[in-house]
J.: 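The following block contains the structure, expressed as structure tokens.
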Protein chains: 2
Amino acid sequence: MSLRFAILGFLSVRPLTGYELKQTFDRSVRHFWSADQAGIYRALGELARDGFVQFERVAQATRPDRKVYEITESGVTALVAWLAEPPETPARREPLLVKLFFASRLNAASFRDLLQAELTAVESELAAFADYAAVMSARFDTLDVSAQSALLGPAITLTNGALLGVAYRSWLVGLLARHDDVSLSVTALLDDVRNALGNA
Amino acid sequence: MSLRFAILGFLSVRPLTGYELKQTFDRSVRHFWSADQAGIYRALGELARDGFVQFERVAQATRPDRKVYEITESGVTALVAWLAEPPETPARREPLLVKLFFASRLNAASFRDLLQAELTAVESELAAFADYAAVMSARFDTLDVSAQSALLGPAITLTNGALLGVAYRSWLVGLLARHDDVSLSVTALLDDVRNALGNA
DNA sequence: ATCATATATATGATATTGCATATATGTGTT
DNA sequence: AACACATATATGCAATATCATATATATGAT
């Protein structure tokens with residue numbers, strides 16, 4: 001469901017083709033919403049069927065025709081209504097946490113490898129966020145005041161990614177440190193929980 | 001895929017029925033892996049077909065027969081192998097962030113409502129974590145040393161939930177504060193990002 | 001020369017998910 | 001008396017999601 005509205009959101013900024021939408025998703029919202037290429041084309045078909053978007057076919061010399069989609073008035077209405085609705089809360093799925101939940105069945109080396117690989121992944125994600133912040137900052141300076149406000153949403157979600165990413169990294173680093181100096185114990189972890197939650 | 005192995009994980013502790021598995025999921029791993037009741041029964045069927053579990057039918061007076069599933073030797077092997085494998089990284093789906101990404105189309109009240117509702121949800125989640133920590137702590141004291149190690153995994157994932165939950169709450173509280181004193185701006189947010197990522 | 005990548009849209013097949021519903025009965029609540 | 005909730009398993013169906021593949025060509029890399 002959200003995919004359709006995320007597409008409407010992007011089209012409310014400017015008309016795009018399915019191909020460009022895929023790139024846009026990958027560049028901007030990938031860390032909290034990834035979209036499958038086939039899914040985008042299917043969703044565009046449904047949105048057109050429902051009258052929320054319309055497209056113009058643009059012929060090209062050597063490549064397939066572009067279908068440039070633009071949002072309709074009823075599309076804007078639907079988008080704005082959806083944005084204000086309470087969000088769905090889809091099931092969280094964290095395979096790594098499932099594995100760690102059964103940590104007592106893992107040997108020390110495998111346990112460490114899992115954490116280390118995740119740490120590497122998070123660090124590259126954080127590096128990507130830093131780049132993204134720099135790009136946004138530069139872009140911001142080139143825009144006039146009215147256009148700058150369009151960057152507010154992206155900046156909000158970027159902040160989310162950065163803050164949560166940093167917390168996630170601390171958690172991983174803490175676990176690895178505890179694991180390496182053999183202080184990884186239930187009591188130590190429960191103390192961490194109490195500390196975090198601010199209970200004495 | 002992970003559902004099947006999560007089930008194997010629980011069955012590696014002790015034999016359970018599908019009904020009990022559903023309760024177990026809801027009580028222990030719900031915040032990072034929620035399981036559908038129908039899905040559990042279907043997964044049990046597949047695991048039995050693959051020889052990873054077997055069940056014993058236990059007749060009951062007034063209720064349907066219980067089917068008590070236990071893990072087989074090949075099930076344990078498969079579980080241990082899966083645990084050490086690099087985890088899949090399923091697509092993250094955060095409808096709230098999608099909505100916030102298009103924040104410039106939201107009026108101030110709706111924007112605030114979204115954040116406030118999420119904050120309420122997070123706070124009750126954090127309260128649940130505090131309870132869970134207390135329960136685990138009490139349980140820990142009643143167990144002998146060998147059994148205590150089985151709580152390590154649950155303590156690890158609980159720590160994850162608590163630390164990330166607290167970070168998420170800070171993010172929400174910060175946004176609400178900025179929103180209320182009209183300091184919610186792209187430049188302020190980008191500064192937050194730079195601060196979090198530790199770049200001067 | 002060959003291979004990968006980019007541009008551009010689309011379908012088929014499968015996998016997974018979630019939701020509703022069916023069956024059967026005891027207990028507790030309003 | 002009616003209704004919700006707990007116990008217990010299971011199927012049907014619709015909605016999504018994911019993966020592979022098809023078509024066509026240009027450009028850049030090895």
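So you know, we letter chains A, B, ... as the sequences are listed, proteins then strands, and number each from 1.
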J.: Among the candidates C:dT11, C:dT9, D:dG12, find the nucleotide nearest to the side-chain atoms of A:Lys67.
T.: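 Nearest to the side-chain atoms of A:Lys67, counting from C-beta on, is C:dT9.
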
J.: Under a 4.0 Å threshold between the charged nitrogen and the carboxylate oxygen, would A:Asp192 count as salt-bridged to A:Arg178?
T.: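 So A:Arg178 pairs with A:Asp192 through a salt bridge.
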
J.: Counting heavy atoms from C-beta on, name the nucleotide in C:dT11, D:dT7, C:dC19 closest to the side chain of B:Gln23.
T.: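 The closest nucleotide is D:dT7.
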
J.: Do A:Phe10 and B:Phe101 have ring centroids that are under 6.0 Å from one another?
T.: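 Distance test on ring centres: under 6.0 Å, yes.
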
J.: Strictly below 4.0 Å: does A:Tyr41 bring a side-chain N or O up to OP1 or OP2 of C:dT9?
T.: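 For C:dT9, OP1 or OP2 has a side-chain N or O of A:Tyr41 closer than 4.0 Å.
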
J.: Nearest-Å distance, CD (A:Glu46) to C1' (D:dA15)?
T.: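 The answer, rounded to whole Å, is 10 Å.
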
J.: Has the side chain of B:Gln37 got a donor or acceptor atom sitting under 3.5 Å from an opposite partner on the base of D:dA10?
T.: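 Checked by distance alone, the answer is yes.
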
J.: Will you find, in the side chains of A:Arg93 and B:Ser2, an N or O donor that is under 3.5 Å from an N or O acceptor?
T.: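 Note: A:Arg93 and B:Ser2 side chains miss the donor-acceptor criterion.
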
J.: Take atom CD of B:Glu88 and atom C1' of D:dA17, then tell me their distance rounded to the nearest Å.
T.: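 So the two atoms are 14 Å apart, to the nearest Å.
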
J.: For B:Arg49 and D:dA10, what is the distance between atoms CZ and P respectively, to the nearest whole Å?
T.: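 Taking atom P of D:dA10 as the reference, CZ of B:Arg49 is at 15 Å.
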
J.: Rounded to whole Å, how long is the line connecting atom CG of A:Asp65 with atom P of D:dA24?
T.: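 After rounding, the reported distance stands at 13 Å.
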
J.: Suppose we define a pair by two distances each less than 3.5 Å, Watson-Crick or G-U wobble; what does D:dT30 pair with here?
T.: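 Paired with D:dT30, as far as the under-3.5 Å criterion goes, is C:dA1.
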
J.: Where the side chain of B:Tyr19 is concerned, which of C:dT17, C:dT7, D:dT9 is the nearest nucleotide?
T.: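 In terms of side-chain proximity for B:Tyr19, the closest of C:dT17, C:dT7, D:dT9 is D:dT9.
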
J.: Rounding to an integer number of Å, can you tell me how far B:Glu56 CD sits from D:dT9 C1'?
T.: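 Spelled out: CD on B:Glu56 to C1' on D:dT9 is 17 Å.
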
J.: Would the base of D:dG12 count as contacting B:Arg42 through its side chain, where contact means a donor and an acceptor less than 3.5 Å apart?
T.: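 Side chain to base: pair found, below 3.5 Å.
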
J.: C:dT9, C:dG18, D:dT18: which one has an atom nearest the side-chain heavy atoms of B:Asp36?
T.: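 Given the options C:dT9, C:dG18, D:dT18, the side chain of B:Asp36 is closest to C:dG18.
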
J.: Let me know the distance between CG of B:Leu3 and P of C:dT16, rounded to the nearest Å.
T.: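 Checked: the CG to P distance equals 10 Å.
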
J.: Does A:Arg93 put a side-chain nitrogen or oxygen below 4.0 Å from OP1 or OP2 of C:dG18?
T.: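 It does, given that an N or O in the side chain of A:Arg93 lies less than 4.0 Å from OP1 or OP2 of C:dG18.
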
J.: Report yes or no: does B:Arg139 contribute a side-chain atom to a donor-acceptor pair with the main-chain N or O of B:Leu151 at less than 3.5 Å?
T.: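 A pair under 3.5 Å: no.
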
